[in-house]
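These numbers come from a predicted model, not from an experiment. Chain letters run A, B, ... following the sequence lines, proteins first, then strands; residues in each count from 1.
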2 protein chains.
Amino acid sequence: METAWDAQLRTAGLRVTRPRMSVMDVLATHPHVDAETIVTVARAAHPSISPQAVYGVLKALVGGGLARRIEPAGGPARYELRVGDNHHHLVCRECGVVVDVDCVVGAAPCLAPSDTAGFVVDEAEVVFWGLCAGCHAVRR
Amino acid sequence: METAWDAQLRTAGLRVTRPRMSVMDVLATHPHVDAETIVTVARAAHPSISPQAVYGVLKALVGGGLARRIEPAGGPARYELRVGDNHHHLVCRECGVVVDVDCVVGAAPCLAPSDTAGFVVDEAEVVFWGLCAGCHAVRR
DNA sequence: GGCCTTCTCTTGACTTGCTCAAGAAAAGGA
DNA sequence: TCCTTTTCTTGAGCAAGTCAAGAGAAGGCC
């Protein structure tokens, strides 16, 4: 599976490079990481990779539809390889951990606003805010 | 109505100051503005107000439950006085304009995830992404 | 009204997260 | 293997917002 990255990259019209493989490896093993963490983890396999290279790779992956970018309020952007199913996220207000939630309804946009005010809507982004099990236990 | 700001501020345990009144005036007439715009507009009524004062006022208003902060991905935070009804937003990908949408379901959290993964959820944030009528017309 | 305590505003430095630009290096087709 | 194009490295730069210290108001108490 891990060696299928090159096929995915080529399908998206992107060249196969070592930084891209490394970043995809990190995303596969660490879903919902931020760019800085990707740099740190990716350096285990590719010590010379630069932060800017990671930003560039992430932009290419998102542009090519291989990764998805989420930006929970009050924190850096996070990335995941799970794309195309319009799933949603649970975010902990305390520790910031992000967990996937399957979409309650069908395909994207899974919800329709009551009044679109003339907008042409293509995506409904849903974020559930709360406390994860661990942080909730500590609070008490 | 505009002179009811002082009562609202006092109820929230906040002192009544000129910067706070000015910022609330701006929010009442310009919903969904960012901090920088608030500074610009507020200076019409209070020329000496500083950006940091606005940031401080906004933090106090949000903390006191008088304003709500929303942070659409890829842009600065925006603020609105409409609080307590858990409504949602339509955001234009092109021009960034934000429009209120009444909540489809009932009270907060208006939606429940299919699997909470142990989270204690207190809010469901919904953002509908698309193109506003104007930007959609220009595209074609 | 005047005084005093406390909160808030001003001023200015600083941090974070990310983008832009120029040249070097690598990918992939001929 | 060579050549063109894309991508990565290196380094500067930017936007949004935070932190900290002192000056200045707000509001309770006398």
Polar side-chain atom of [X] near backbone of [Y] as donor-acceptor pair, under 3.5 Å:
X: A/Glu71; Y: B/Gly74; answer: yes
X: A/Arg43; Y: A/Ile49; answer: yes
X: A/Arg20; Y: A/Arg15; answer: yes

Looking only at heavy atoms, the pair that brings A/His89 and A/Val98 closest together is CD2-CG1, 3.6 Å
Closest non-hydrogen atom pair between A/Ala67 and A/Leu27, with its separation:
CB-CD1, 4.4 Å
Does A/Arg20 put a side-chain nitrogen or oxygen below 4.0 Å from OP1 or OP2 of C/dA27?
no
C/dC9, OP1 or OP2 - any side-chain N/O from B/Ser48 closer than 4.0 Å?
no
Between [X] ([atom1]) and [N] ([atom2]), how many Å, whole number?
X: A/His46; N: C/dA26; atom1: NE2; atom2: C1'; value: 11 Å
X: B/Leu9; N: C/dC7; atom1: CG; atom2: C1'; value: 13 Å
X: B/Ile49; N: C/dT11; atom1: CD1; atom2: C1'; value: 14 Å
X: B/Arg43; N: C/dC9; atom1: CZ; atom2: P; value: 14 Å

How bent is the helix from C/dG1-D/dC30 to C/dA30-D/dT1, measuring the angle between the end axes built from five pairs each, rounded to 10°?
30°
Tell me whether the centres of the aromatic rings in B/His32 and B/His30 are closer together than 6.0 Å.
no
Per-nt protein contacts along nucleotides 17-30 of chain D (heavy atom under 4.0 Å; B base, S backbone sugar-phosphate only, - none) come out as BBB-----BBS---
If I take atom CD1 from residue B/Ile70 and atom CG from residue B/Asp100, how far apart are they, to the nearest 0.5 angstrom?
7.5 Å
What's the separation between atom OG1 in B/Thr40 and atom CG in B/Asp34, rounded to the nearest 0.5 Å?
8.5 Å
